[in-house]
**Q** 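This is the structure, below, for whatever I ask next.
Excluded from the calculations below are hydrogen atoms, water molecules and symmetry mates; all remaining heavy atoms, backbone and side chain alike, are included.
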Amino acid sequence: MQTILVPLDFSQALNNALIYAANLAKKMNARLFIFHAYTLPTPVSEIPYVMIPTNDVHHANKNLLK
């Protein structure tokens with residue numbers, strides 16, 4: 001095993017899996033990749049609602065990754 005990919009959703013279960021994967025990667029001298037994706041809401045009706053700026057979402061997720 002040379003590469004370990006861990007999807008991340010900031011839940012406690014995934015945080016535990018990330019710690020496990022990091023320890024495993026260290027023992028096996030493997031690369032560890034953390035992957036987090038998000039979708040931005042898109043309006044699907046004519047009713048207006050407040051959109052979250054993409055920069056806010058990006059910075060919030062970046063802080064959670066730290």
**Q** Apply the side-chain contact (heavy atoms from CB on, under 4.5 Å) test between Ile34 and each candidate in Leu18, Leu5, Leu14; give the one that qualifies.
**A** Leu18
**Q** Applying side-chain contact (heavy atoms from CB on, under 4.5 Å), run through Val6 and Phe33 and close with a yes or a no.
**A** CA-CA 6 Å; Val6 180; Phe33 287 93; over 6 Å; no
**Q** Say whether, by atom type as modelled, one donor and one acceptor occur between the side chain of Asn23 and the main chain of Ile19 under 3.5 angstrom.
**A** yes
**Q** With a sphere of 6.0 Å drawn around OH of Tyr20, does it hold more than 12 non-hydrogen atoms of other residues, nucleotides or ligands?
**A** no
**Q** Taking all non-hydrogen atoms of both residues into account, name the closest pair between Leu32 and Ala21 and its distance.
**A** CD1-CB, 4.0 Å
**Q** Is it true that atom CG of Asp56 has more than 12 heavy atoms of other residues, nucleotides or ligands lying nearer than 6.0 Å?
**A** yes
**Q** Just verifying a value: how many Å separate Arg31 CZ and Ile4 CD1, rounded to the nearest 0.5 Å?
**A** 11.0 Å
